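Report on the structure given below.
We're numbering straight along the sequence, starting at 1. Quick caveat, the model's predicted, so the values are computed rather than measured.
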Amino acid sequence: MRIVICICALFIVSGKVFLKATPTDSTFIFSERDSTYYHLLHDVQIIRKRPPLLLQSTHEKIGVDIDAMETLPKFMGTSDPIRYLQSIAGVQTNGEGNTGIYIQGCADYQTLVSINDAPIYYPNHLLGLFSAFIPTHFQKMELVKSAHRTDFANRLGGEVLLKPYESYHKKIGIEGNVGLINSELTMPISFEKGGTLMVSARSSYISLLYGPLLNFANMNFGYDFQDFNVTYSLSPAPKDKIVISTYYGIDKMTALSEIANMNIYLKWNNAAASSTWTHKTDNWNIHTSIHYSHYSNAINVDETDNIQVNTASMFSSIGMKNNNQISFTSELSLQFGIDYNHYWNNPQYVSSHGLATNFHSDFTLLSSDELSLYAGLRHAPFSFLTYDAGLRISSYAHKKKIFFALDPRININFPINKSQNILLHYGIYHQYFHKAGMTDGGLPTDYFFLVDKNYKPEYAHSISIAYNTAFPNNNYSFIAELYFKQLYNVVESQSNILELMMGEFNYMSGIITGKGRNYGINLLLHKNKGIVRGYLSYSLGWAMRNFPDIAPGYTIPAKYDRRHNLVAVSSVQINRRWRIGGMFTLASGNPYTKPKYAYILNGKIICEYGPYNGATLPLYHRLDISADYLAMDNHIGELGINLSLYNVYCHDNIQFIIPSNDFTMKPVSIINTILPSLSIYFNF
């Protein structure tokens, strides 16, 4: 007997209730009692939307679904993709004072972070609390830690790709959230003749409510940031896709300190734009892009004794890339292409006057060109073996100095069965720009500088072995990875803020050059389905450096070295409307050079330090919890409320050391109390 079900929507009009349906196979019935027509459905198919998997790992990369991040605990009212990325094994866990993305012991600038092929050189806001990306503007994020193919750019670290939405299922929509810390809004528009426009904006007002809670060495704190994204995509032909994307972000910060008698003003911004064209046929895929990226910062320090320091730096690039992939058979394909970048750089402009002498450095605009050709072959000769082998040839020109490099790369995949595989990787990588900084405080005091006759290209040999498995029904997945990287010509800076005040700073004089060794193990257990979701991530790693001018051997830890990183994330869907979750972070403290004392001699500040990076900050640990209430969820859209609590048990995590007015160094904890956030999120 066929079950007859009436699917209806209720509309209240003039106090009357009407039943409405639009069936494809139905019978009209007229009721003489109330003179109403009803639709009776003979066949009904009820479809329930399955929540997407958060992490989708392959033998080469990890894909993160941005929509699925909504099922995890929110961070200060929002689902920040970079914050979740920093909780995945192999990516260093960061605190409030450690910005950047450090993958397998590499520095943040050695990792490529891009939006639609356009690099973002400083993808963080203040102290790393927020990244530069508006979550609702992006559909997916991809992470590649070591198994790179030959089309990967000239970097030593990993790769993080942010992919905007390229289509939308409604003619027009609106999505975002309004919170106590920041608000964000995304408006997608689909045009009748094809094409989708995504416009996103975000603005913060942290200091308005949270200024007194941010313990910044008794500083009067002020800060705000804005982000803007625009993406337009269209398909002029069935086999073609064009995507145009732009991004701009700006940060402003003030910190007025009574203890240090110092006022600090910072401003930094990112800009990026790209246009990509993809053409796909049955056996040939062509992807071509042009892109522009820019980063700049400016720092002004005013000391009450008429000591003033101004510094600024800039790094920009414009580039073009063409990538081709030809499939001869299902087991054999060829990839080849060209990658070109032109760089502009002003490493550091400094002016100071006050305590000892006045100083003004020259504004120097440097430029260079980088060209790479690459080709690789992917072949699966057997069911239990697939390999990807190729060569990347790069050349770099700065003034009259030219460098060449040959970078072979190979990935060998051994599928054990449908749910398990082992991946071996070896590759050589070169990079043609450096970055160093004066402080580790999570502030944008770093500066980029180009490879030249004095500072050679960085390069690395990378070896890794990874094991991936998915348990029955894909409820659980597990990833284990061993890695080793030998690095050459790595740089760090020994300069500090006191040198700026004395007018003795030169970005080249404080640079030290040496070698590096990164090695360790990454473990990630992920629960993909069910009422309880989440993952457990652990990394044990070493990032050791050998700077002959300081000490022999690989005895110096890198500034961003964290020996242990443990993160536990869990989310519980209590019912249709309520979801709660939490994230616990436990990590080793970062190394730093411990100052002994400072004094003035003959009008100059003399500061004595201990062994370089010879001290370690205390253990870092923090618990965050989050609760979501879905007030409305229907065919119109959804509306919900989120309550987030950051640093629930108010642990005092020491982040960095700053000088005080008596020339002693004091530990600073940026957030030593609970930080609550309430936000309303919506999607219509």
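By the salt bridge (Lys or Arg N to Asp or Glu O under 4.0 Å) test, R392 pairs with D339, sequence neighbours left out. Partners of Y459 by side chain to side chain donor-acceptor pair (under 3.5 Å), not counting sequence neighbours: none found. Applying the side chain to side chain donor-acceptor pair (under 3.5 Å) criterion to S146, with sequence neighbours excluded, gives S464, E481. Every residue meeting the salt bridge (Lys or Arg N to Asp or Glu O under 4.0 Å) condition with K435, not counting sequence neighbours, appears here in chain and number order: D108, D446. Checked against side chain to side chain contact (heavy atoms under 4.5 Å, CB included), T246 has the following partners two or more places apart in sequence or in another chain: V230, A273. Considering only residues two or more places apart in sequence or on other chains, E458 meets the salt bridge (Lys or Arg N to Asp or Glu O under 4.0 Å) condition with none of them. S395 is linked by a side chain to side chain contact (heavy atoms under 4.5 Å, CB included) to L371, F404, counting only residues two or more places apart in sequence or in another chain. Considering only residues two or more places apart in sequence or on other chains, K485 meets the salt bridge (Lys or Arg N to Asp or Glu O under 4.0 Å) condition with none of them. The ring-ring contact (aromatic ring centres under 6.0 Å, His included) search around H137 returns none, not counting sequence neighbours. Partners of S275 by side chain to side chain donor-acceptor pair (under 3.5 Å), not counting sequence neighbours: none found.
For S204 (side chain) and F225 (main-chain N/O), a donor-acceptor pair under 3.5 Å exists by modelled atom type. Within the 3.5 Å criterion, the main-chain N or O of L156 finds a donor-acceptor partner in the side chain of Q431. Not one N or O on the side chain of S539 forms a donor-acceptor pair closer than 3.5 Å with the backbone of N565. Between the side chain of N345 and the backbone N or O of M314, at least one donor-acceptor pair lies under 3.5 Å. With hydrogens and angles ignored, the 3.5 Å screen pairs no side-chain donor or acceptor of R517 with any backbone N or O of R545. A donor-acceptor contact shorter than 3.5 Å links the side chain of T593 to the backbone of N613. Panel note: side chain D80, backbone S131; a donor-acceptor pair is recorded below 3.5 Å. Of the possible donor and acceptor atoms, none in the side chain of Q110 sits under 3.5 Å from a partner among the backbone N and O of Y102. Side-chain atoms of K559 come within 3.5 Å of backbone atoms of S493 as a donor-acceptor pair (strictly under, hydrogens ignored).
To the nearest 0.5 angstrom, H434 atom NE2 is 13.0 Å from E492 atom CD. Note that the CG atom of N182 and the CG atom of D224 stand 11.5 Å from one another [nearest 0.5 Å]. Atom CZ of residue F448 and atom CG of residue N297 lie 9.0 Å apart, to the nearest 0.5 angstrom. Rounded to the nearest 0.5 angstrom, K453 NZ and K401 NZ are separated by 9.5 Å. Taken from CZ in R83 to CG in L85, the straight-line distance is 11.0 Å, to the nearest 0.5 Å. Between N270 atom CG and Y248 atom OH the span is 9.5 Å, to the nearest 0.5 Å.
No hydrogens or angles considered: a donor-acceptor pair under 3.5 Å links the side chains of H125 and D251. Under the 3.5 Å distance criterion, with hydrogens and angles disregarded, a donor-acceptor pair is assigned to the side chains of Q348 and T311. N341 and S317 share no donor-acceptor pair across their side chains, judged by distance under 3.5 Å alone. Checking S368 against Y396 by side-chain atom types alone, a donor-acceptor pair falls below 3.5 Å. Counting only N and O atoms by type, the side chains of Y247 and D227 include a donor and acceptor under 3.5 Å apart. Between the side chains of D117 and S289, at least one donor N or O sits under 3.5 Å from an acceptor N or O. For S372 and N154, the side-chain atoms include at least one donor-acceptor pair closer than 3.5 Å. T513 and N489 form no side-chain donor-acceptor contact under 3.5 Å, judged by distance and modelled atom types alone. No hydrogens or angles considered: a donor-acceptor pair under 3.5 Å links the side chains of Q335 and N323.
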(Q) As a quick check of understanding, evaluate side chain to side chain contact (heavy atoms under 4.5 Å, CB included) for R409 and Y429, giving each step before the final call. (A) CA-CA 9 Å; R409 297 170 191 173; Y429 303 85; 3.3 Å; yes
Q: Test Y340 against D369 for side chain to side chain donor-acceptor pair (under 3.5 Å), laying out the working first.
A: CA-CA 8 Å; Y340 169 77; D369 294 277; 2.5 Å; yes
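In this structure the side chain of D452 never reaches within 4.5 angstrom of the side chain of K399, judged on heavy atoms. Side chains of I115 and S274 form no contact here, defined as non-hydrogen atoms less than 4.5 Å apart. Looking only at side-chain heavy atoms (C-beta outward), L143 and I103 come within less than 4.5 Å of each other. At a threshold of 4.5 Å between non-hydrogen side-chain atoms, the residues T616 and S588 do not count as touching. The shortest side-chain heavy-atom distance between Y343 and L450 falls under the 4.5 Å cut-off. Between F403 and V451, some side-chain heavy-atom pair lies under the 4.5 Å cut-off.
The shortest heavy-atom contact between A460 and L487 is CB-CG, 4.1 Å. Listed here is the closest heavy atom pair of M141 and P81: CE-O, 3.4 Å. Annotation for P618 and I654: closest pair CD-CB, 4.0 Å, computed over non-hydrogen atoms.
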Return all side-chain donor-acceptor pairs below 3.5 angstrom for residues 549-556, not counting sequence neighbours, or 'none' if the list is empty.
unit_1	atom_1	unit_2	atom_2	d
Y554	OH	Q486	NE2	2.9
T555	OG1	P552	O	3.4

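The aromatic rings of Y432 and H430 lie parallel to each other, with less than 30° between the two planes, well short of the 60° mark. Using a 30° and 60° split on the angle between ring planes, H461 and Y488 fall in the perpendicular class, above 60°. Using cut-offs of 30° and 60° on the angle between ring planes, the pair Y612 and F547 is perpendicular. Below 30°, between 30° and 60°, or above 60°: for F133 and F138 the angle between ring planes is above 60°, a perpendicular geometry.
For residues 147-157, the pairs satisfying salt bridge (Lys or Arg N to Asp or Glu O under 4.0 Å) are R149-D388, with sequence neighbours left out.
Aromatic ring centres of F315 and F433 lie closer together than 6.0 Å. Taking the six-membered ring wherever Trp is involved, the centroid distance between the rings of Y455 and F449 falls below 6.0 Å.
Atom CD1 of I290 sits in a sparse spot, with 12 or fewer heavy atoms from other residues, nucleotides or ligands closer than 6.0 Å.
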